[in-house]
Number of protein chains: 2
Amino acid sequence: MPDTANSVYFQLFKEIGILEQLSRAFLEARLPDGLIAPHFGVLNHLISVGDGSTPVELARTFQVPKTSMTHTLAGLEKHGLVEMRPNPADGRSKKVWLKPEGRKMRDATIAALGPEFEGIATAVSLGEVEQVLPILTKLRVFLDNARN
Amino acid sequence: MPDTANSVYFQLFKEIGILEQLSRAFLEARLPDGLIAPHFGVLNHLISVGDGSTPVELARTFQVPKTSMTHTLAGLEKHGLVEMRPNPADGRSKKVWLKPEGRKMRDATIAALGPEFEGIATAVSLGEVEQVLPILTKLRVFLDNARN
DNA sequence: CATATATAGTTCGACATCGTATCAATCAAG
DNA sequence: CTTGATTGATACGATGTCGAACTATATATG
(Lines give C-alpha, C1' and ligand atoms only; values in the text may rest on other atoms or scores of the structure.)
Protein backbone atom coordinates (compact mmCIF):
# COMPACT_ATOMS: atom_id res chain seq x y z
CA MET A 1 0.00 0.00 0.00
CA PRO A 2 1.44 3.38 -0.99
CA ASP A 3 2.14 5.94 1.68
CA THR A 4 -0.55 8.24 0.38
CA ALA A 5 -3.17 5.56 0.89
CA ASN A 6 -1.94 5.01 4.42
CA SER A 7 -2.31 8.66 5.14
CA VAL A 8 -5.91 8.71 3.93
CA TYR A 9 -6.91 6.02 6.40
CA PHE A 10 -4.94 7.84 9.00
CA GLN A 11 -6.76 11.04 8.23
CA LEU A 12 -10.08 9.25 8.53
CA PHE A 13 -9.29 8.09 12.06
CA LYS A 14 -8.09 11.52 13.00
CA GLU A 15 -11.31 13.06 11.72
CA ILE A 16 -13.36 10.51 13.61
CA GLY A 17 -11.51 11.34 16.80
CA ILE A 18 -12.18 15.05 16.52
CA LEU A 19 -15.81 14.49 15.55
CA GLU A 20 -16.37 12.28 18.54
CA GLN A 21 -15.03 14.97 20.82
CA LEU A 22 -17.08 17.74 19.26
CA SER A 23 -20.33 15.80 19.07
CA ARG A 24 -20.02 14.63 22.65
CA ALA A 25 -19.47 18.18 23.87
CA PHE A 26 -22.40 19.30 21.72
CA LEU A 27 -24.73 16.74 23.27
CA GLU A 28 -23.54 17.10 26.86
CA ALA A 29 -24.09 20.85 26.77
CA ARG A 30 -27.78 20.03 26.35
CA LEU A 31 -28.11 17.36 29.02
CA PRO A 32 -29.23 17.93 32.63
CA ASP A 33 -26.45 18.35 35.16
CA GLY A 34 -24.70 15.17 36.14
CA LEU A 35 -25.64 13.30 32.99
CA ILE A 36 -23.15 12.64 30.22
CA ALA A 37 -23.18 11.14 26.76
CA PRO A 38 -23.06 7.47 27.81
CA HIS A 39 -26.15 7.99 29.99
CA PHE A 40 -28.02 9.42 27.06
CA GLY A 41 -26.78 6.72 24.71
CA VAL A 42 -28.08 3.96 26.95
CA LEU A 43 -31.38 5.71 27.54
CA ASN A 44 -31.84 6.20 23.84
CA HIS A 45 -31.06 2.57 23.17
CA LEU A 46 -33.56 1.39 25.78
CA ILE A 47 -36.25 3.44 24.08
CA SER A 48 -35.52 2.66 20.45
CA VAL A 49 -34.72 -1.04 20.89
CA GLY A 50 -36.82 -1.68 23.98
CA ASP A 51 -35.92 -2.09 27.65
CA GLY A 52 -35.39 -5.24 29.65
CA SER A 53 -31.82 -5.79 28.44
CA THR A 54 -29.17 -7.02 30.84
CA PRO A 55 -26.11 -4.90 31.65
CA VAL A 56 -23.77 -7.23 29.74
CA GLU A 57 -25.91 -6.99 26.64
CA LEU A 58 -25.73 -3.22 26.87
CA ALA A 59 -21.97 -3.34 27.39
CA ARG A 60 -21.61 -5.44 24.24
CA THR A 61 -23.85 -3.14 22.26
CA PHE A 62 -21.81 -0.09 23.19
CA GLN A 63 -18.47 -1.88 23.01
CA VAL A 64 -17.46 -0.89 26.52
CA PRO A 65 -16.18 -3.07 29.38
CA LYS A 66 -18.94 -4.30 31.63
CA THR A 67 -17.42 -2.40 34.53
CA SER A 68 -17.96 0.85 32.66
CA MET A 69 -21.56 -0.13 32.02
CA THR A 70 -22.07 -0.83 35.73
CA HIS A 71 -20.93 2.70 36.42
CA THR A 72 -23.15 4.26 33.74
CA LEU A 73 -26.21 2.32 34.90
CA ALA A 74 -25.55 3.31 38.51
CA GLY A 75 -25.66 6.93 37.40
CA LEU A 76 -28.92 6.47 35.52
CA GLU A 77 -30.44 4.71 38.49
CA LYS A 78 -29.25 7.38 40.91
CA HIS A 79 -31.01 9.98 38.78
CA GLY A 80 -34.19 7.94 38.83
CA LEU A 81 -34.20 7.38 35.06
CA VAL A 82 -34.00 3.60 35.02
CA GLU A 83 -34.68 0.78 37.40
CA MET A 84 -32.64 -2.39 37.84
CA ARG A 85 -34.63 -5.51 38.62
CA PRO A 86 -33.46 -9.11 38.98
CA ASN A 87 -33.60 -11.28 35.89
CA PRO A 88 -36.11 -14.04 36.67
CA ALA A 89 -34.47 -16.26 34.06
CA ASP A 90 -30.96 -16.00 35.53
CA GLY A 91 -30.08 -15.45 39.16
CA ARG A 92 -26.71 -13.89 38.34
CA SER A 93 -28.14 -11.22 36.17
CA LYS A 94 -30.32 -8.14 36.23
CA LYS A 95 -32.55 -6.39 33.77
CA VAL A 96 -32.69 -2.68 33.08
CA TRP A 97 -36.09 -1.05 32.89
CA LEU A 98 -36.95 2.47 31.81
CA LYS A 99 -38.76 4.71 34.23
CA PRO A 100 -41.18 7.36 32.94
CA GLU A 101 -38.69 10.03 34.02
CA GLY A 102 -36.08 8.47 31.78
CA ARG A 103 -38.32 8.58 28.77
CA LYS A 104 -39.29 12.15 29.56
CA MET A 105 -35.70 13.30 29.86
CA ARG A 106 -34.71 11.64 26.60
CA ASP A 107 -37.67 13.09 24.74
CA ALA A 108 -36.93 16.56 26.05
CA THR A 109 -33.30 16.29 24.96
CA ILE A 110 -34.27 15.04 21.53
CA ALA A 111 -36.71 17.92 21.20
CA ALA A 112 -34.01 20.39 22.20
CA LEU A 113 -31.67 18.81 19.68
CA GLY A 114 -34.10 18.98 16.77
CA PRO A 115 -33.42 22.58 15.79
CA GLU A 116 -29.70 22.01 16.23
CA PHE A 117 -29.82 19.17 13.75
CA GLU A 118 -31.49 21.45 11.25
CA GLY A 119 -28.42 23.62 11.54
CA ILE A 120 -26.24 20.62 10.91
CA ALA A 121 -28.36 19.73 7.91
CA THR A 122 -27.32 22.95 6.24
CA ALA A 123 -23.73 21.73 6.38
CA VAL A 124 -24.25 18.04 5.69
CA SER A 125 -27.39 16.92 3.91
CA LEU A 126 -29.47 13.93 4.86
CA GLY A 127 -28.42 12.28 1.62
CA GLU A 128 -24.77 12.69 2.47
CA VAL A 129 -25.28 11.13 5.88
CA GLU A 130 -27.08 8.21 4.28
CA GLN A 131 -24.18 7.85 1.91
CA VAL A 132 -21.59 7.86 4.68
CA LEU A 133 -23.35 5.70 7.22
CA PRO A 134 -23.11 2.27 5.57
CA ILE A 135 -19.40 2.74 4.92
CA LEU A 136 -18.69 3.70 8.50
CA THR A 137 -20.73 0.74 9.64
CA LYS A 138 -18.67 -1.61 7.48
CA LEU A 139 -15.52 -0.17 9.03
CA ARG A 140 -16.91 -0.52 12.52
CA VAL A 141 -17.89 -4.14 11.96
CA PHE A 142 -14.45 -4.91 10.59
CA LEU A 143 -12.61 -3.31 13.49
CA ASP A 144 -14.95 -5.04 15.87
CA ASN A 145 -14.09 -8.42 14.43
CA ALA A 146 -10.39 -7.59 14.26
CA ARG A 147 -10.50 -6.87 17.95
CA ASN A 148 -10.44 -10.66 18.54
CA MET B 1 -37.31 17.85 10.14
CA PRO B 2 -39.04 14.47 10.34
CA ASP B 3 -38.17 12.05 13.10
CA THR B 4 -36.58 9.61 10.71
CA ALA B 5 -34.09 12.25 9.59
CA ASN B 6 -33.28 12.98 13.20
CA SER B 7 -32.57 9.35 13.82
CA VAL B 8 -30.17 9.15 10.90
CA TYR B 9 -28.05 11.93 12.36
CA PHE B 10 -28.23 10.19 15.70
CA GLN B 11 -27.08 7.00 14.15
CA LEU B 12 -24.16 8.80 12.58
CA PHE B 13 -23.01 10.16 15.93
CA LYS B 14 -23.45 6.79 17.54
CA GLU B 15 -21.38 5.14 14.84
CA ILE B 16 -18.71 7.79 15.22
CA GLY B 17 -18.60 7.20 18.94
CA ILE B 18 -18.07 3.47 18.59
CA LEU B 19 -15.53 3.92 15.81
CA GLU B 20 -13.52 6.32 17.91
CA GLN B 21 -13.43 3.80 20.71
CA LEU B 22 -12.40 0.92 18.48
CA SER B 23 -9.78 2.83 16.54
CA ARG B 24 -8.23 4.22 19.70
CA ALA B 25 -7.99 0.73 21.16
CA PHE B 26 -6.53 -0.45 17.86
CA LEU B 27 -3.81 2.18 17.95
CA GLU B 28 -3.01 1.91 21.63
CA ALA B 29 -2.54 -1.84 21.35
CA ARG B 30 0.42 -1.02 19.08
CA LEU B 31 2.00 1.70 21.22
CA PRO B 32 4.75 1.13 23.79
CA ASP B 33 3.57 0.63 27.36
CA GLY B 34 2.48 3.80 29.10
CA LEU B 35 1.74 5.70 25.90
CA ILE B 36 -1.76 6.37 24.69
CA ALA B 37 -3.44 7.91 21.68
CA PRO B 38 -3.03 11.58 22.67
CA HIS B 39 0.72 11.06 23.05
CA PHE B 40 0.90 9.65 19.58
CA GLY B 41 -1.30 12.41 18.18
CA VAL B 42 0.95 15.13 19.54
CA LEU B 43 4.11 13.38 18.40
CA ASN B 44 2.67 12.96 14.94
CA HIS B 45 1.72 16.60 14.79
CA LEU B 46 5.18 17.73 15.86
CA ILE B 47 6.66 15.71 13.02
CA SER B 48 4.25 16.57 10.24
CA VAL B 49 3.81 20.25 11.09
CA GLY B 50 7.15 20.84 12.77
CA ASP B 51 8.19 21.17 16.40
CA GLY B 52 8.76 24.29 18.48
CA SER B 53 5.06 24.88 19.22
CA THR B 54 3.98 26.06 22.64
CA PRO B 55 1.67 23.94 24.81
CA VAL B 56 -1.26 26.33 24.32
CA GLU B 57 -0.93 26.14 20.58
CA LEU B 58 -1.02 22.38 20.79
CA ALA B 59 -4.04 22.49 23.08
CA ARG B 60 -5.88 24.66 20.54
CA THR B 61 -4.91 22.40 17.67
CA PHE B 62 -6.26 19.34 19.42
CA GLN B 63 -9.28 21.10 20.88
CA VAL B 64 -8.47 20.07 24.44
CA PRO B 65 -8.16 22.17 27.62
CA LYS B 66 -4.64 23.35 28.22
CA THR B 67 -4.55 21.42 31.48
CA SER B 68 -5.04 18.20 29.54
CA MET B 69 -2.20 19.15 27.23
CA THR B 70 0.08 19.79 30.20
CA HIS B 71 -0.62 16.26 31.31
CA THR B 72 -0.02 14.74 27.88
CA LEU B 73 3.25 16.63 27.40
CA ALA B 74 4.44 15.59 30.85
CA GLY B 75 3.95 11.99 29.78
CA LEU B 76 5.87 12.46 26.55
CA GLU B 77 8.69 14.15 28.41
CA LYS B 78 8.81 11.47 31.05
CA HIS B 79 9.26 8.89 28.30
CA GLY B 80 12.09 10.94 26.79
CA LEU B 81 10.26 11.54 23.51
CA VAL B 82 10.09 15.34 23.64
CA GLU B 83 11.89 18.10 25.46
CA MET B 84 10.37 21.25 26.92
CA ARG B 85 12.54 24.32 26.71
CA PRO B 86 11.75 27.91 27.71
CA ASN B 87 10.38 30.18 25.03
CA PRO B 88 12.97 32.91 24.52
CA ALA B 89 10.31 35.20 23.12
CA ASP B 90 7.97 34.91 26.14
CA GLY B 91 8.99 34.20 29.69
CA ARG B 92 5.64 32.69 30.61
CA SER B 93 5.72 30.08 27.95
CA LYS B 94 7.64 27.01 26.79
CA LYS B 95 8.32 25.35 23.51
CA VAL B 96 8.07 21.66 22.76
CA TRP B 97 10.92 20.02 20.85
CA LEU B 98 11.07 16.54 19.41
CA LYS B 99 13.83 14.23 20.55
CA PRO B 100 15.24 11.61 18.17
CA GLU B 101 13.59 8.92 20.31
CA GLY B 102 10.22 10.55 19.67
CA ARG B 103 10.67 10.47 15.94
CA LYS B 104 11.87 6.90 16.09
CA MET B 105 8.89 5.75 18.12
CA ARG B 106 6.41 7.44 15.81
CA ASP B 107 8.02 6.01 12.69
CA ALA B 108 8.04 2.53 14.18
CA THR B 109 4.35 2.79 15.06
CA ILE B 110 3.45 4.04 11.60
CA ALA B 111 5.41 1.16 10.08
CA ALA B 112 3.61 -1.34 12.33
CA LEU B 113 0.29 0.15 11.32
CA GLY B 114 0.85 -0.18 7.57
CA PRO B 115 -0.03 -3.88 7.24
CA GLU B 116 -3.02 -3.37 9.51
CA PHE B 117 -4.36 -0.74 7.18
CA GLU B 118 -4.13 -3.23 4.35
CA GLY B 119 -6.45 -5.44 6.33
CA ILE B 120 -8.86 -2.58 6.75
CA ALA B 121 -8.68 -1.92 3.02
CA THR B 122 -10.30 -5.29 2.38
CA ALA B 123 -13.36 -4.07 4.28
CA VAL B 124 -13.45 -0.44 3.20
CA SER B 125 -11.78 0.53 -0.05
CA LEU B 126 -9.59 3.54 -0.53
CA GLY B 127 -12.24 5.00 -2.80
CA GLU B 128 -14.87 4.71 -0.11
CA VAL B 129 -12.67 6.46 2.39
CA GLU B 130 -12.05 9.24 -0.09
CA GLN B 131 -15.78 9.49 -0.57
CA VAL B 132 -16.49 9.71 3.14
CA LEU B 133 -13.68 11.97 4.22
CA PRO B 134 -14.81 15.31 2.75
CA ILE B 135 -18.30 14.89 4.19
CA LEU B 136 -16.98 14.16 7.66
CA THR B 137 -14.67 17.14 7.36
CA LYS B 138 -17.59 19.40 6.48
CA LEU B 139 -19.42 18.14 9.54
CA ARG B 140 -16.39 18.66 11.75
CA VAL B 141 -15.88 22.22 10.53
CA PHE B 142 -19.53 23.00 11.14
CA LEU B 143 -19.54 21.62 14.67
CA ASP B 144 -16.30 23.39 15.38
CA ASN B 145 -17.80 26.72 14.40
CA ALA B 146 -21.05 26.00 16.24
CA ARG B 147 -19.00 25.47 19.39
CA ASN B 148 -18.93 29.24 19.79
C1' DC C 1 -24.66 -35.88 41.84
C1' DA C 2 -20.05 -33.69 42.21
C1' DT C 3 -16.80 -30.92 40.51
C1' DA C 4 -14.74 -27.84 37.08
C1' DT C 5 -15.50 -24.14 34.16
C1' DA C 6 -17.86 -20.15 32.49
C1' DT C 7 -20.59 -16.08 33.07
C1' DA C 8 -23.04 -11.70 35.35
C1' DG C 9 -22.15 -8.23 38.17
C1' DT C 10 -19.53 -5.46 41.51
C1' DT C 11 -15.47 -3.57 44.01
C1' DC C 12 -11.15 -1.60 43.93
C1' DG C 13 -7.14 0.66 42.17
C1' DA C 14 -4.63 3.06 38.38
C1' DC C 15 -4.85 6.52 35.39
C1' DA C 16 -6.99 10.19 31.96
C1' DT C 17 -9.80 14.29 31.43
C1' DC C 18 -11.06 18.63 32.65
C1' DG C 19 -12.88 22.74 35.59
C1' DT C 20 -11.23 25.90 39.16
C1' DA C 21 -7.82 28.27 41.40
C1' DT C 22 -3.18 29.99 41.45
C1' DC C 23 1.28 32.03 40.03
C1' DA C 24 4.27 34.45 36.99
C1' DA C 25 5.04 37.12 33.00
C1' DT C 26 3.25 40.21 29.58
C1' DC C 27 0.48 43.81 27.77
C1' DA C 28 -2.52 47.90 27.85
C1' DA C 29 -4.04 52.33 29.61
C1' DG C 30 -3.27 56.36 31.78
C1' DC D 1 6.37 54.04 35.26
C1' DT D 2 2.40 52.10 37.62
C1' DT D 3 -1.59 49.53 37.86
C1' DG D 4 -5.09 46.42 36.14
C1' DA D 5 -6.25 43.01 32.93
C1' DT D 6 -4.72 39.13 30.16
C1' DT D 7 -2.28 35.04 29.08
C1' DG D 8 0.80 30.63 29.62
C1' DA D 9 1.46 27.07 32.53
C1' DT D 10 0.70 24.22 36.57
C1' DA D 11 -1.49 22.17 40.97
C1' DC D 12 -5.39 20.20 42.80
C1' DG D 13 -9.77 17.94 43.13
C1' DA D 14 -13.83 15.63 41.08
C1' DT D 15 -15.26 12.36 38.07
C1' DG D 16 -15.07 8.88 34.11
C1' DT D 17 -12.82 4.68 32.07
C1' DC D 18 -11.18 0.31 32.47
C1' DG D 19 -8.30 -3.92 33.96
C1' DA D 20 -7.78 -7.29 37.78
C1' DA D 21 -9.70 -9.65 41.33
C1' DC D 22 -13.75 -11.37 43.65
C1' DT D 23 -18.57 -13.34 44.61
C1' DA D 24 -22.55 -15.71 43.22
C1' DT D 25 -24.93 -18.39 40.01
C1' DA D 26 -25.25 -21.29 36.01
C1' DT D 27 -23.62 -24.87 32.87
C1' DA D 28 -20.88 -28.81 31.36
C1' DT D 29 -18.60 -33.13 32.21
C1' DG D 30 -17.58 -37.24 34.26
Side-chain angles (χ1 to χ4, degrees), chain A residues 17-18 20-29 31-42 52-79 82-97 147-148, chain B residues 17-18 20-29 31-43 52-79 82-97 147:
Chain A
I18 299 181
E20 190 275 338
Q21 216 173 354
L22 289 172
S23 61
R24 187 164 36 81
F26 192 84
L27 169 65
E28 289 179 354
L31 288 180
D33 259 14
L35 292 179
I36 57 180
H39 295 131
F40 182 78
V42 169
S53 306
T54 68
V56 212
E57 282 166 357
L58 291 171
R60 286 204 198 95
T61 299
F62 286 89
Q63 304 281 7
V64 296
K66 53 185 180 172
T67 140
S68 305
M69 188 51 67
T70 297
H71 187 72
T72 300
L73 291 173
L76 284 171
E77 200 177 16
K78 181 180 144 199
H79 282 82
V82 304
E83 195 177 359
M84 313 271 293
R85 293 207 292 263
N87 180 354
D90 187 333
R92 294 167 299 182
S93 144
K94 299 179 175 177
K95 285 188 170 228
V96 183
W97 298 99
R147 205 170 41 89
N148 324 318
Chain B
I18 297 182
E20 190 275 338
Q21 220 171 355
L22 288 172
S23 60
R24 187 165 35 81
F26 193 82
L27 169 65
E28 289 180 354
L31 289 179
D33 258 15
L35 293 178
I36 58 181
H39 295 132
F40 183 78
V42 169
L43 220 48
S53 307
T54 68
V56 214
E57 284 167 356
L58 291 171
R60 286 206 200 94
T61 299
F62 285 90
Q63 303 276 9
V64 297
K66 52 183 180 174
T67 138
S68 305
M69 188 52 67
T70 297
H71 188 70
T72 301
L73 291 173
L76 284 171
E77 200 178 16
K78 184 179 142 201
H79 282 81
V82 304
E83 196 176 357
M84 313 271 294
R85 291 207 293 262
N87 180 355
D90 188 333
R92 293 167 298 184
S93 136
K94 300 181 176 178
K95 286 191 169 223
V96 184
W97 299 98
R147 205 170 41 89

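All chains are named by letter (A, B, ...) in the order of the sequence lines, taking the proteins before the strands, and each is independently numbered beginning at 1.
- Residue T72(B) has its side chain nearest to dT17(C) when only dT17(C), dA24(D), dC18(D) are considered.
- Relative to the side chain of V56(B), the nucleotides dA9(D), dT17(C), dG16(D) differ in distance, and dA9(D) lies closest.
- Applying the 4.0 Å criterion to OP1 and OP2 of dA8(C), one finds that R60(A) has a side-chain N or O inside that range.
- Each of R92(B) and H39(A) lies near DNA chain D, and the nucleotide nearest R92(B) is the one positioned closer to the 5' end.
- Within 4.0 Å (heavy atoms only), N87(B) reaches no atom of the nucleic acid at all.
- Here S93(A) lies in heavy-atom contact (under 4.0 Å) with sugar-phosphate atoms only.
- Checked against dT26(C), dC18(C), dG8(D), the side chain of S68(B) finds its nearest nucleotide in dC18(C).
- Residue T70(A) places at least one side-chain N or O closer than 4.0 Å to OP1 or OP2 of dT10(C).
- Between the side chain of T67(B) and the base of dG19(C), at least one donor-acceptor pair of N or O atoms lies under 3.5 Å.
- For P38(A), whose side chain is taken as the heavy atoms from C-beta onward, the closest listed nucleotide among dC18(D), dT17(D), dT26(C) is dT17(D).
- T54(B) and S93(B) make their closest contact through CG2-OG, 3.6 Å (heavy atoms, listed as atom of the first residue, atom of the second, distance).
- In the set dG8(D), dG16(D), dC18(C), the nucleotide with an atom closest to the side chain of K66(B) is dG8(D).
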| field | V42(A) vs M69(A), side chain to side chain contact (heavy atoms under 4.5 Å, CB included): CA-CA, chis, key distance, verdict | value | CA-CA 9 Å; V42(A) 169; M69(A) 188 51 67; 4.0 Å; yes
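- Q63(B) and Q21(A) make their closest contact through O-NE2, 3.3 Å (heavy atoms, listed as atom of the first residue, atom of the second, distance).
- The Q21(B) side chain lies nearest to dC18(D) when the options are dC18(C), dT25(D), dC18(D).
- Toward the 5′ end of DNA chain D lies the nearest nucleotide of P65(A), the other residue of the pair G91(A) and P65(A) mapping further downstream.
- Taking atom CD on E20(B) and atom C1' on dG16(D), their separation rounds to 14 Å, with Å as the unit.
- For K94(B) against dA9(D), a side-chain-to-base donor-acceptor contact under 3.5 Å is absent.
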